[in-house]
Amino acid sequence: MKKQTLSKRMSDLFILLLLIAALGAGKVLAMEEFQQPKSVQGQIIDGTGEPVIGATVVIKGTTTGTITDLNGNYSINIPPSIMNPVLVFSFVGMQTQEVAVAGQSVINIVMEEDLIGLDEVVAIGYASEKQVNTTGALSAVRTEELVRKPVGSLNHALTGKIPGLIVIDKGGIPGSTVGDYQIRRLGSPLVIVDGMEQSFVYMDPNEIASITVLKDASAAVYGARAGNGVLLITTKRGKEQKARFNVSMSHTLSEPTYFPELADAATYAILRNEANITNGLEPRFTEEEIQKYREGTDPMYPNTDFWDETFRKYAPMSDFNMNTSGGGNGVRYFFSAGYKDQGSTLRSGDINFKRLSIRSNVDVDLTKRLKGSFDLSGRFENRMEPGLSYSKIMQNFYSSLPMYPTRYPDESIIPYTGLNAYDPVYVTDDEYSGYNSAKFKMFRGTLGLNYDMNDFVKGLSADFKFDYRINDNFNKSFIKTFNTYYYDYDYDTETYTYTESPIKFNEGKITLDEYYGRNWDWMLNYKLHYQRVFNVHRVGAMLLYEAISGRNDNFGAYREGFISTAIDQMFAGADLNKDNRGSASEDGRESVVGRFNYAYRDKYLAEFLFRYDASPKFAPENRWGFFPGVSLGWRISEESFIKNSATFIDNLKLRLSYGQTGLEGNVRFNYLSGYQMQGDYIFSPSQEVLPGIGTTGMANPDATWATSTMYNAGLEGSFWDQKLFFEVNGFYNLKEDILATRAAAIPNTFGAGLPEENLNSKDTRGFELEVGHQSRIGDLFIQVVGNVSWARSKWVHYEEPAYATDEEAYRYKKTGRWTDLTFGYLTDGLFESQEEIDNWADITNGADNANIMPGDIKFLDMNGDSIINWQDQRIIGSNNVPQTVFSLDLNLRYKGFELSALITGAANYSKYYSGQMIVPFGTDLRCYKFFENSWTTENPDPNAPYPRLRNGTQNSHPNWDYPSDFWTIGKAYYVRLKNIELAYNLKKEWIKPLNIDAMRAYVQLYNYGMITNVRDIDPENTVTAAKYYPQMRSISFGLDVKF
Amino acid sequence: MAFLAAVSCEEATDKVPLDMISDAQVWSDPNLIDACLTQLYNATNVFVIWSYQQHSPLSTLTDESRTCIGWSDALNVFTLGVLNPSNCDDNNYLSNWAYNDIRHLNEFIEKIEDANVSETFREQRLAEARFLRAWTYFNMAIRYGGVPLLTKAQSLDDDLYVFRNTEDEIYDFVRTELDEIIDILPETNDEANLWRVNKYVALALKSRAMLHAASIAKYGQVQLDGLVGVPAEKADFYFQESYDASKEIIENGPYELFERYADKAKNYQMLFIEEDNSEIIWCKKFLEGEKGHNLDRDWQPILYKATVACVVNPTLEMVDEYEFADGTPGNTINYDQEIDTRLLYQDKEPRFHASILYNRCFWIDDTIEYHYFTVVNDLNDKWNKKPGFRGRHVNDREAGATQTGFSVKKFLWEKRDQSKGDSGQDWIIFRLGEIYLNLAEAAFQLGGKDTEALEALNVIRRRAGVPDKGEINMENIMHERKIELAFEGFRMWDARRWRTAVNDFSGVFHKLTAYKISSRNTFGYIVENCQGNAVRMFLEPHYYNPIHQNRIFENPNLVQNPGYN
């Protein structure tokens, strides 16, 4: 077996360090010095005693201000004209403080870390705005927290951080995109990274400056694609300051949260005998054999733990990032390079994911009025699997029964482990099985220009942006072959003899398949931006034109007949059975976006925005869609009656919004009809395969966008200097014109795949509540934030037949009902006697319960017609997306120590068991240990959690695999300690001699500790069968250094 | 900036699907019209696939065999009597609710009328499409009885809530369509188009379909005002139509029974292996590597293939149906003796040896070991030494091992690479052998043609290498069809049209559990239920498939077949 080569990993890391050093060795720019006449000065430190560098100090009501230096010191001149000057101290991520000068010449400030502060600027789509002035339901996440989450993909890191954002951890092999995140349970949101639609789950979190979630009318700036809300991500940029370096590294060890244990050889044999009894067959194993399997010492009767042989205890993951930012002399920069190496739980280590991310964001003042930005980013991902994909490995794993040995004394002889199985120890090892590699390269370049037109029209500026991106996918599967061997053991001589079996991995062939795909996208936009304050009126406007174009081309090729594994290249394969394939597609969009906002005394806020989108997916006359949004805000706390009398109120704002967005769906060009390559046939003895063409179905020239209309009311407030703060939102969303096929409602004798039409509509209602507390008691800083959200949808109209009877309507009608209802049979435990079965309603639809036996599930005859069929199905649950999610986020800081904990949970969802979880000895023969608790002839418990064991399916019922409450947890819930972190910031005096500004070490536990009513499987798992890569819990160690 | 300005924004929305050919292009280009018909040939032969592919081929739902896949839902749903309107798919195993194909055929038939192509081309392809439509309706009628007869592609403005036509109307449609195109279709096709439909393919369908209609008229009942069943008085008319069609093929068609090899067993085996042979009237062609199928992988004895394997396991009843080579009935073997299996079966007729693999028979390069366990002296010590999970004996394999002690040899060939799920042998749809048997049956049923009927039957027996029958009767006809056409997908439909399935497909079917007696190096046998304690059930309603529940929800005008709720 292969060992992981540590030296290889070290050399990877070294090369990376060199690369980063080269990046970082850019020009280090000196900070501009201020020549201020002496007036007020002081130092700003944070809660841990560290100086706050670059904090802003402004005299309230003026534009006069400064920022703190490297030691957190500032000094500011107070013009004599200002009466009763008040200084405003602010810094990103810190609570803003106002201090009256009142004759002091030295003011030292301790700044408190903030949640998303009122004065913090948040991205709102094509612009940014102070949170306090926004009128939409939007939430922002502090990105430092995401950076440290020990998860493989970024979506998991958002869990519990945003009210209304539902994140389901579906497990997933390293580098897979498994995982579900939805805003307000509406479906997959649009993700925009620096203005362009882009997947974010594998971004390096260190590059991200902010993540904002647009939940209501505010999403209307993204128009046709934004019907499920928008996740807005911006990357970090440089500031005019001395170069600062951040280095962070972490190492994580993960193990499955839960994986059902498989039966060992003896247990398997006992359960198998039991199943044979049911099916009227001879017992499969004798008592003596079972005893031998139990002992596991006789080489002819092994008891192999394939789990232990195939999987190791922990999967490793390492993250490393180095970035630098700074600026001066009209140039600002942010450079970042990050590296991730994530391993799997395979002992062979041959499933892994590596990612290198680089980014360079540069801003340049080209002239006094013209600013340019030039961003380059790249991501290189490499996903490796052995010759079988994970799900196939699991299939082999399950088909390899514990009665087979996993290796022989001679390890070059590979054991036969079953008819449908290859020894998982060998298939997981690329030396034996070959490899599947998927290389992904993303390169994106952005050119931006901003022209300040203050000289012509005060407050006006123009922007131009051009974005170009290439995604490359290169997948290569080089699959090897090996023979498998039976064995015999001679007890006298204690030797093994091996016989070759007919079972050969990859059918005895060495094969190579390659796939190359490339996406090109470009985006172009022109923007005019106007912002001006006229006395008490603040007015803003934006007008934007955007064009997006995308194109995909791909092709693949296949060869077999390689004479050896020495060359894994196409040319080395034989000509027989070689194959190639390919396809192409294109897409595009044109849009006009506008936004106008007005604020009176920053008290009454109003915003109107719209987007006008065109998509080539629809016929020219239906191409354009108009998506408007209006939102209003009333900052009650600015009213004099509050300001004067209720001074404990920091902020209180009421918001109302209405907005329309669109949903494009997956429809492609369904306004056109034609023919596509489809099928083939041989007419001639010479065996020429003639390609065929088939119709694409009927066209629907009227197809257009589905619209999503969101009504939102929100109230947010903060009291007693944030000792209490809250935000509550209630919403109602109506999706109309959802594309659906009329076929559901017309007889299928019509015979055509009808085009999708804008037919269905559904509505969703829900709320989000967030409440928090923040305070300081001496050196102890406490912050607690909890949130809870609920959402559920109904079909307002669902295209369906007119059901003839109430029974049909109850069972099948969707219109007017919750969208997540699931029907199934109701059950009442297990049959106790043949007599009971004979008197029971007919479960077998005419066969008079012929094959039903004691220990089988008792399905209930709900309508009393003595036959159990669809008419007896009732609602047994909802679906697997929770209606309710909640979290509690706790942060404590004491001097250099930080403790944070995140508890998340979900409720009101259903867990369905099916496939492997309910059928032992099925397709792949495995059997979980928990089937020990089944009904058996020895222990005929009518309330046993699993029914009588059978070979194959529980097939006595015609709808045996239909959901029933027996295999369902209708109201599932879980509360889990998602995350707990303990960190220590090293004392400044210790690290100063090393020229280090700050150093933070932490240890973190992820997904440890849980309360749930879900059995046998992780409660977040939505895959009912168990051939999934499990959810992981992990422990991680990390170090962040700033210098 | 100049470059950027040059990026025309029009370009962003000026996009088309890159994989679509427009309607106008297709209907003015004979090559594309041909491609369109090519796909229709491909699509409408899909139920051919159900005859032999998948885990539960049609054969395994009859008394011929069972599948080794114990968890096969088809096996359970279709054989345990629990078929109902919600567990029958539209297109699966037994079912074929083929209205998508019907629409595509109707569209083709309408659009080629106005296509800008030569008259001969139009006439020719139109006739082929009409054949495929008749073929598709026939295949629906044998499953559902009467179905809505749609001969035009509906538009959404039409009344879509159609009613079922009577079963007789469907057979009548098949008959009149075939009569009209028989004279248009060519007698023979050139080499490049050999397996396109020709006149004799149409006659072969007529021979089969009319026999089916006639049998239902004779043996079935008219129910639901004729939605199922054919009026009894039409029996003779349909028998005559079938008889005439069969006779024309035999007398005028360019086909000959396959008789290339002197060894009768080998001859029968190679009939299904040698492609494009003289007996084939119509087949679906396959090509290894490009358009292959999984028959070898799935039907092959376990020794030679991993994964699925050994899917079709003949019942002991089927094995016993094969006569001895001297023409005596095959069900007289005494299994209560210690004897090598080869000796048990050595006197079976040639088609047995070409069709069945059994314990101890030789296959490819080895002796097949279909024995289930080994004992030292007798059954009392059978657990003393058991193969466990290591040897090559049959019950080592949890799946993919024969469940009856037998597997199918027919369609397999020793010289083909057995290890791949990608075989190229063609699947014969119509062959002259069937036509002789159709002729025999129709002639017998018409009366007064017994000599002709007996001769047609004996032609097949002679070719197979078994002695002539001296007498013609339904029993002999049924037996001969069961053996000659075994595992080809006929049995289900024959037993349904004769209305014998309630008897033939119900009850316990047996396996032959062979065990080795090591002390005497011989074999013993146990005859037992091949499905454990399960009893098969084919009930009266099952002569017709249920129409799927959803089809009736969509269109309450569709009346469900009798006996389903």
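We name chains A, B, ... by the order of the sequence lines, and we start the count at 1 in each one. The shown structure was predicted, so the numbers you read here are calculated from the model rather than taken from an experiment.
Shown here for A:Asp865 and A:Ile867, the closest heavy-atom pair between the two residues is OD1-O, 2.8 Å. Residues B:Glu554 and A:Asn748 come closest through the heavy atom pair OE1-N, 2.9 Å. Nearest heavy-atom pair across A:Asp587 and A:Lys617 is OD2-CE, 3.8 Å. In this structure, A:Ala752 and B:Asn100 approach most closely via the heavy-atom pair N-OD1, 4.0 Å.
Side-chain atoms of B:Phe108 and B:Cys36, non-hydrogen and from C-beta on, do get closer than 4.5 Å to each other. At a threshold of 4.5 Å between non-hydrogen side-chain atoms, the residues A:Glu586 and A:Pro616 do not count as touching. At least one side-chain heavy atom of B:Leu83 sits less than 4.5 Å from a side-chain heavy atom of B:Phe78.
When the candidates B:Val535, B:Asn189, B:Leu156, B:Val162 are compared by the number of heavy-atom contacts under 4.5 Å with chain A, B:Leu156 comes out ahead. Among the candidates A:Pro620, A:Gly588, A:Ala804, A:Gly550, the residue making the largest number of heavy-atom pairs closer than 4.5 Å to chain B is A:Gly588. Taking chain B as the reference chain and counting heavy-atom pairs below 4.5 Å, the highest number among A:Arg551, A:Gln871, A:Glu688 is found for A:Arg551. In terms of heavy-atom pairs under 4.5 angstrom with chain B, the leader among A:Ser684, A:Ser585, A:Pro415 is A:Ser684. Interface summary for chain A: among B:Ile21, B:Asn555, B:Leu194, B:Leu558, the most heavy-atom pairs under 4.5 angstrom belong to B:Ile21.
Both the backbone and the side chain of A:Thr749 come within contact range of chain B, each with at least one heavy atom under 4.5 Å from a heavy atom of that chain. Both the backbone and the side chain of B:Leu32 come within less than 4.5 Å of a heavy atom in chain A. Interface residue B:Leu160: backbone and side-chain heavy atoms are both found under 4.5 Å from chain A. Of the two parts of B:Glu275, only the side chain, counted from C-beta on, holds a non-hydrogen atom closer than 4.5 Å to a non-hydrogen atom of chain A. Proximity to chain A is limited to the side chain of B:Asp276, based on heavy atoms less than 4.5 angstrom apart. Using a 4.5 Å cut-off between heavy atoms, A:Thr805 makes no contact with chain B at all. Looking at B:Pro17, the atoms closer than 4.5 Å to chain A (heavy atoms on both sides) sit in the backbone and in the side chain alike. Both the backbone and the side chain of B:Val16 have a heavy atom closer than 4.5 Å to some heavy atom of chain A. Heavy atoms closer than 4.5 Å to chain A are found in the side chain of B:Arg551, but not in its backbone. Residue contact with chain A, scored on non-hydrogen atoms closer than 4.5 Å, involves the side chain of B:Gln549 exclusively. Interface residue A:Pro685: backbone and side-chain heavy atoms are both found under 4.5 Å from chain B. For chain B, the nearby parts of A:Asp680 are the backbone and the side chain; heavy atoms of each come within less than 4.5 Å.
With respect to the salt-bridge test (charged N to carboxylate O, under 4.0 angstrom), the residues A:Glu289 and A:Lys292 do not qualify.
Not counting sequence neighbours, the partners of A:Met523 by the side chain to side chain contact (heavy atoms under 4.5 Å, CB included) test are A:Met196, A:Asp467, A:Asn525, A:Glu546, A:Ile548. Shown here are the side chain to side chain contact (heavy atoms under 4.5 Å, CB included) partners of B:Ala153, two or more places apart in sequence or in another chain: B:Arg103, B:Asn106, B:Glu107, B:Glu110.
Between A:Tyr489 and A:Tyr487, a ring centre-to-centre spacing not shorter than 6.0 Å is recorded.
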